[in-house]
Amino acid sequence: MTEPPAAKSLYHPIILEHDRNPRGERPLPSATHQAALDNPLCGDQVTMRLRVDGDRIVEAAFEARGCAVSRAAASLWTERLTGCSLAEATDLLERYARFCAEPPEAPMDEALGELIALAGVRAARSRRLCATLPSRALEQALGKRSS
Amino acid sequence: MIPEPLLAQEHELARWRRDVPALALRVHDHPLTYLDNAATTLKPQAVIDAVTQVALAQAGNVHRGVHALAEAATEAFDAVRPQVARFLGASADEVIFTSGATASINLVAHSLGRQVVGPGDAIVVTELEHHANLVPWQLLCAERGAELRVVAILEDGRISLEDLARKLDRRVKLVALCHLSNVLGTVAPVAEIAAMAHAVGALVLVDGAQAVAHLAPAELAVSRLGCDFYVFSAHKVFGPTGTGVLWGRRELLAQMPPWQTGGEMIASVDYQRAQFRPPPERFEAGTPNISGVIGLGAALHYLTNLPAHRAAHEAALHRALCAAVAGAPGVTILGRPQAAVVSFVVARAHPHDVATLLDQRGVAVRAGHHCAQPLHGRLGVSASCRASLAYYNSLEDVRALAAALSAVREVFP
Ligand SMILES: Cc1ncc(COP(=O)(O)O)c(C=O)c1O
């Protein structure tokens with residue numbers, strides 16, 4: 001059976017691959033920043049953790065109970081943020097929030113790297129909360145240092 | 001597998017379906033397979049026409065004007081109250097219009113609840129309840145220093161009457177339960193539960209939000225149910241959103257204070273105080289949802305004029321639906337559904353992903369916790385998918401769901 005186009009784009013091979021083999025899905029006891037967020041629609045939860053040294057994110061990890069879209073987003077973010085400066089991370093999170101809110105035909109922001117595999121949510125409004133759960137948790141985490 | 005003779009004849013079902021224009025929609029290049037009736041039902045043309053007619057020719061406010069438009073609106077609006085009363089086997093002065101089942105429950109919690117529940121008292125709910133029939137009681141108990149007791153369900157999703165018996169005593173002032181579970185599709189033995197509650201002096205509120213579109217008229221008669229309050233929403237019984245009903249026993253309503261206040265519900269007002277009208281007007285402050293109520297009237301008229309075997313058709317379809325879902329690869333059904341809905345989880349695929357993949361094939365189901373988060377926790381899952389029927393669904397719909405569920409396996413093997 002051939003895949004309908006929209007479903008194909010929401011479940012891009014990169015998403016399915018990260019869902020199956022997530023990067024950075026582990027606790028991070030040495031985290032300096034962390035935040036947990038719920039998706040009130042389905043009770044899913046994601047916790048994003050960062051270890052920041054000086055101005056740089058040296059380690060990123062997540063723990064999640066959720067759908068393929070939110071888990072893949074969390075996994076992609078841990079990869080994307082590792083090695084970034086805090087300013088770069090803030091910029092990327094802003095770009096991503098804009099990217100997800102744009103209409104499906106809007107141009108891709110190449111700075112986001114593999115995160116643009118999540119472009120399918122731009123045509124699936126109801127799934128934007130899933131795709132942005134990890135990034136919203138990261139915004140919170142960066143806004144406050146964990147004690 | 002399917003008791004075919006019980007299903008409606010093809011030409012008859014085709015007529016029912018033609019009457020509901022949304023069923024002809026195409027979604028992502030597929031014919032719509034609408035299996036989210038527990039979230040909201042689709043509207044027959046007669047309901048759409050009635051609502052349009054209000055905007056066109058009955059555009060006045062109700063119970064206020066002496067001009068023609070106001071009189072037309074008032075006449076159409078007032079005709080619905082006795083109609084709802086007949087639907088529930090009750091009297092018109094016991095029928096209160098609200099904005100929905102949620103508002104109806106909140107009205108009882110704020111009005112009667114504050115009156116009869118005091119420190120040390122208790123309210124009983126069940127593990128099945130929708131947030132709408134749980135959170136208002138949580139707040140009331142917190143405010144009044146009362147205890148909220150939650151009756152357990154059995155493995156198959158039915159309410160444990162043994163546990164209910166254990167939780168009932170003289171301190172219990174109210175038992176609130178759903179007639180038909182929006183997640184597990186189990187039907188509560190309301191009459192039996194009401195008798196048990198009344199034996200300890202507790203009142204009984206039944207959340208009929210899911211029941212009204214599915215159960216036969218005799219099963220909805222409040223006198224046979226023996227409950228004290230019955231609530232439902234128009235949009236789950238083929239009517240418009242933003243409109244609902246609270247039925248309450250006359251003696252109780254007569255003693256209850258108003259909750260919201262304002263125009264329409266007063267007998268006389270001076271600057272210092274007001275006198276309230278008797279029920280039902282006492283509980284209907286402000287301009288009501290006029291087109292919603294008139295649309296509800298059209299919906300009940302349409303529904304009650306369908307042949308009685310629509311219920312048998314739906315029951316047969318429900319058995320076929322449960323069998324098809326149970327037979328899909330990797331699927332586990334939650335509980336043992338008795339009517340209208342079936343909730344399930346798919347191994348290795350999150351409910352949201354399943355619902356998105358089904359939607360891509362035009363199949364509409366619900367994914368999430370269906371406003372019953374504690375119940376999902378109790379069942380050991382964070383979310384589920386739910387397919388839910390109406391009389392206008394067909395065997396074709398069941399087959400489309402089964403085919404789409406098989407295709408989920410291709411993405412999440
Ligand atoms: C069992 C049950 N109770 C209450 C409600 C609340 O209905 P409404 O949102 O129309 O007020 C629903 C709707 O989902 C329901 O399924």
Side-chain angles (χ1 to χ4, degrees), chain A residues 1-22 25 36-47 62-76 100 104 117-134, chain B residues 26-33 36 39 131 135 183 329 343 345-386 400 402-413:
Chain A
M1 197 179 295
T2 54
E3 208 56 40
K8 190 179 215 151
S9 55
L10 184 52
Y11 296 101
H12 191 284
I14 292 182
I15 308 273
L16 293 175
E17 205 275 319
H18 273 262
D19 175 42
R20 257 167 239 150
N21 307 301
E25 187 179 32
L37 264 191
D38 287 333
N39 183 348
L41 270 181
C42 52
D44 287 351
Q45 198 189 51
V46 58
T47 305
F62 79 95
E63 287 179 283
R65 183 184 67 199
C67 60
V69 174
S70 64
R71 288 172 52 77
S75 170
L76 283 160
C100 287
L118 287 152
V121 300
R122 307 203 293 187
R125 236 198 131 64
S126 58
R127 300 303 299 279
R128 273 186 214 159
L129 279 179
C130 312
T132 57
L133 194 62
Chain B
R26 289 183 68 81
V27 172
H28 303 308
D29 255 345
H30 290 263
L32 170 65
T33 298
D36 197 17
H131 298 165
V135 183
V183 177
S343 294
V345 290
V346 182
R348 295 185 300 286
H350 187 278
H352 267 170
D353 296 320
V354 174
T356 293
L357 291 170
L358 298 188
D359 176 59
Q360 295 307 323
R361 287 171 175 77
V363 179
V365 299
R366 173 91 187 256
H369 51 54
H370 326 309
C371 299
Q373 198 166 11
L375 174 59
H376 276 80
R378 154 78 179 78
L379 297 169
V381 294
S382 66
S384 65
C385 287
R386 176 186 70 191
L405 279 175
S406 301
V408 168
R409 269 281 158 271
E410 294 169 18
V411 183
F412 295 97

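Quantities reported herein were computed from a predicted structural model and do not represent experimental measurements. Reminder, nothing fancy here: chain letters follow the sequence lines and each chain counts from 1.
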Return yes when atom CG of B:Asp29 has more than 12 non-hydrogen atoms of other residues, nucleotides or ligands closer than 6.0 Å, and no otherwise.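 12 or below, so no.
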More than 12 heavy atoms from other groups under 6.0 Å of CZ on A:Arg125: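 Atom CZ in A:Arg125 is not crowded, with 12 or fewer foreign heavy atoms closer than 6.0 Å.
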Tell me every residue that passes side chain to side chain contact (heavy atoms under 4.5 Å, CB included) with B:Pro329, counting only those two or more places apart in sequence or in another chain.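 Partners of B:Pro329 under the side chain to side chain contact (heavy atoms under 4.5 Å, CB included) test: B:Ser406, B:Arg409.
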Please evaluate residues A:Val69 and B:His352 with respect to the criterion side-chain contact (heavy atoms from CB on, under 4.5 Å), reporting the C-alpha separation (whole Å), side-chain torsions for both, the decisive distance (0.1 Å), and the verdict. CA-CA 9 Å; A:Val69 174; B:His352 267 170; over 6 Å; no
Any chance you could measure A:Asn39, atom CG, to B:His369, atom NE2, to the nearest 0.5 Å?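 Spacing of CG (A:Asn39) from NE2 (B:His369) equals 8.0 Å.
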Quick check on A:Ala68 against chain B: is it the side chain, the backbone, both or neither that has a heavy atom closer than 4.5 Å?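 A:Ala68 touches chain B through backbone and side-chain heavy atoms alike.
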With a 4.5 angstrom heavy-atom cut-off, which part of A:Arg20 approaches chain B: side chain, backbone, both or neither?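 A:Arg20 touches chain B through side-chain heavy atoms alone.
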Would A:Asp19 and B:Arg348 satisfy side-chain contact (heavy atoms from CB on, under 4.5 Å), going step by step from the backbone distance to the final call? CA-CA 10 Å; A:Asp19 175 42; B:Arg348 295 185 300 286; over 6 Å; no
Taking salt bridge (Lys or Arg N to Asp or Glu O under 4.0 Å) as the definition, give me every residue that meets it alongside A:Asp44, ordered by chain and number, with sequence neighbours left out.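 Per chain and number, A:Asp44 pairs via salt bridge (Lys or Arg N to Asp or Glu O under 4.0 Å) with no residue.
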If you take all heavy atoms of A:Arg65 and B:Ser382, which pair is closest and at what distance? NE-CB, 3.6 Å
